[in-house]
Amino acid sequence: MSDSLKISLVQTKLIWGDVDANLKHFSDLFHKLKESTDLLILPEMFTSGFLMENKDTIAQKENYTLAWMKDQATKLEAVVLGSIIVKEDDNYFNRLYVIDNSGVICSYDKRHLFRMGEEDQHFKAGNQRNIFTIGNWRICPLICYDLRFPVWSRNRNEYDLLIYVANWPSARRAVWNTLLQARAMENQSFVAGVNRVGSDAQNLTYTGDSCLIDAKGKVLHKCKENESEIISCVIDRKQLNDFRVKFPVLFDADSFQIKE
């Protein structure tokens, strides 16, 4: 299996509450990809923006969105990852899906709901962190506000790439940039953060700052500020393994259990 993995960070604006318009927008963006990739990472709530109202309208298009993701994965011969609004029984979830040409290979319900934006009043929190694989790469996907909680993100030699998809406003961009580097260093893992740009119906603005960081905390690639673009980056497993052998901090990590 290959020691390299090509990931593509999709930083872009989102159209508020319009699933069809967002999916067309992403389809158009993907047509501009000039080379193959293994993994496409889309922002949080990529079909709607970070909205609390009209959730049911968005959730009704879950299957439609999943079919679109599978179609894109098939066309691009890649894995597609992003979070959307879903409904199960009477509960709504901010759910991240990972999809390849066979369908859903992993899902994750956002654990930490952003109470300052009243997300906790509209959505139910998840309680399980899930790892998926591409080749011999172990990948942990998390969502936005999860970034502030290092215990939930802690690597117990379970993953090699940690991903955060987000709608993270520009007013707190310093926190985003700092914590992404911290999560990479403390977990000895590559970290990819994918955020949106533009503005939303709540008058929040988003700078983007989507980036890829290595296990030493070095920013390897970063999207242009305030611009929609896709950047593709190759990460190397041998480089990561060599560093972990040379500086094996994961062996000295504290053990713990998370109580519900």
Side-chain angles (χ1 to χ4, degrees), residues 2-15 22-47 49 69 72-73 75-83 96-100 132 134-135 137 139-144 147 159-170 173-185 189-199 205-237 239-240:
S2 176
D3 280 334
S4 65
L5 182 75
K6 182 180 283 188
I7 63 175
S8 297
L9 315 182
V10 185
Q11 174 177 290
T12 186
K13 65 181 181 180
L14 300 176
I15 299 99
N22 280 304
L23 295 185
K24 182 181 184 306
H25 173 63
F26 280 103
S27 294
D28 292 342
L29 281 178
F30 295 166
H31 282 311
K32 298 176 183 178
L33 277 171
K34 295 182 172 129
E35 52 190 341
S36 63
T37 190
D38 298 311
L39 174 63
L40 278 157
I41 307 173
L42 313 184
E44 176 186 22
M45 289 191 182
F46 71 90
T47 63
M69 293 176 74
Q72 296 300 316
K75 288 177 179 177
L76 298 166
E77 297 182 342
V79 176
V80 179
L81 179 156
S83 93
L96 181 149
Y97 279 111
V98 184
I99 292 182
D100 66 8
F132 71 97
I134 299 178
W137 286 87
I139 303 169
C140 177
L142 299 178
I143 302 174
C144 203
L147 177 61
Y159 62 77
D160 311 299
L161 171 62
L162 178 61
I163 294 172
Y164 294 95
V165 301
N167 276 214
W168 196 288
S170 56
R173 65 184 300 205
V175 178
W176 167 261
N177 290 319
T178 301
L179 291 185
L180 285 173
Q181 288 182 280
R183 296 295 88 84
M185 290 184 282
S189 171
F190 287 103
V191 170
V194 175
N195 191 25
R196 63 162 295 177
V197 294
S199 59
T205 60
Y206 302 86
T207 316
D209 296 305
S210 302
C211 59
L212 174 69
I213 301 167
D214 73 10
K216 297 180 182 179
K218 179 181 178 181
V219 178
L220 302 176
H221 301 275
K222 192 164 190 175
C223 289
K224 296 183 183 72
E225 181 179 325
N226 293 316
E227 291 191 21
S228 291
E229 66 171 335
I230 301 176
I231 60 170
S232 296
C233 339
V234 177
I235 54 178
D236 181 75
R237 180 63 182 268
Q239 173 194 357
L240 177 63

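- A pairwise comparison of heavy atoms in P141 and I139 identifies CD-O, 3.6 Å as the closest pair.
- Remark: H221 NE2 to L9 CG distance equals 9.0 Å, nearest 0.5 Å.
- One N or O on the side chain of R183 and one on the backbone of L147 form a donor-acceptor pair closer than 3.5 Å.
- Taking CD from Q72 and CG from L40, the interatomic distance works out to 8.5 Å, rounded to the nearest 0.5 Å.
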Go through the steps to decide whether I163 and L81 satisfy the test side chain to side chain contact (heavy atoms under 4.5 Å, CB included), and finish with yes or no. CA-CA 10 Å; I163 294 172; L81 179 156; 4.0 Å; yes
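- With contacts defined as side-chain heavy-atom distances shorter than 4.5 Å, the pair E35/K6 qualifies.
- A donor-acceptor pair is defined here as one N or O able to donate and one able to accept, closer than 3.5 Å; such a pair exists between the side chain of S83 and the backbone of M45.
- L180 places a side-chain heavy atom less than 4.5 Å from the side chain of C211.
- At distances below 3.5 Å, not a single donor-acceptor pair connects side-chain atoms of E44 with backbone N or O atoms of C144.
- The heavy-atom pair separating T47 from N22 by the smallest distance is O-ND2, 2.8 Å.
- A donor and an acceptor atom, one from each side chain of N177 and K222, are located under 3.5 Å apart.
- Across all their heavy atoms, C140 and Y159 have their closest contact at CB-CD2, 3.6 Å.
- Between atom CG of residue D209 and atom CZ of residue R196 there is a gap of 13.5 Å, rounded to the nearest 0.5 Å.
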Go through I230 and Q11 one step at a time and tell me if the side chain to side chain contact (heavy atoms under 4.5 Å, CB included) criterion holds. CA-CA 6 Å; I230 301 176; Q11 174 177 290; over 6 Å; no
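- To the nearest 0.5 Å, atoms CG (L96) and CD1 (I41) are separated by 9.5 Å.
- In the model, S170 has a side-chain atom that pairs as donor or acceptor with a side-chain atom of T205 under 3.5 Å.
- Here the side chain of S4 pairs no donor or acceptor atom with the backbone of D236 at under 3.5 angstrom.
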Working for side chain to side chain contact (heavy atoms under 4.5 Å, CB included), residues V197 and E227: CA-CA 7 Å; V197 294; E227 291 191 21; over 6 Å; no
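- Y164 is listed as a side-chain neighbour of V191, based on a closest heavy-atom distance under 4.5 Å.
- Shortest non-hydrogen contact noted between L39 and A78 is N-CB, 4.4 Å.
- To the nearest 0.5 Å, the span separating CZ on F190 from SG on C233 amounts to 10.5 Å.
- A distance of 12.0 Å separates CZ in F46 from NE2 in H25, rounded to the nearest 0.5 Å.
- When every heavy atom of W176 is checked against every heavy atom of G208, the shortest pair comes out as NE1-O, 3.8 Å.
- Here the side chains of L29 and T12 are in contact, with some heavy-atom distance below 4.5 Å.
- Counting heavy atoms from C-beta on, the side chains of E229 and I231 come closer than 4.5 Å.
- Shown here is E225, whose CD atom has more than 12 heavy atoms of other residues, nucleotides or ligands within 6.0 Å.
- Applying the side-chain hydrogen bond (donor to acceptor under 3.5 Å, both in side chains) rule to D160 yields the partners R138, R237, R244; only residues at least two apart in sequence or on another chain are considered.
- V165 places none of its side-chain heavy atoms less than 4.5 Å from the side chain of L42.
- Side-chain N or O atoms of S232 include none that pairs as donor or acceptor with a backbone N or O of S8 at under 3.5 Å.
- D38 contributes no side-chain N or O that, together with a main-chain N or O of L5, makes up a donor-acceptor pair within less than 3.5 Å.
- Residues L240 and A215 come closest through the heavy atom pair CD1-CB, 3.7 Å.
- Panel note: side chain W137, backbone L161; no donor-acceptor pair is recorded below 3.5 Å.
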Side chain to side chain contact (heavy atoms under 4.5 Å, CB included) between F26 and L14, intermediate numbers included: CA-CA 9 Å; F26 280 103; L14 300 176; 3.8 Å; yes
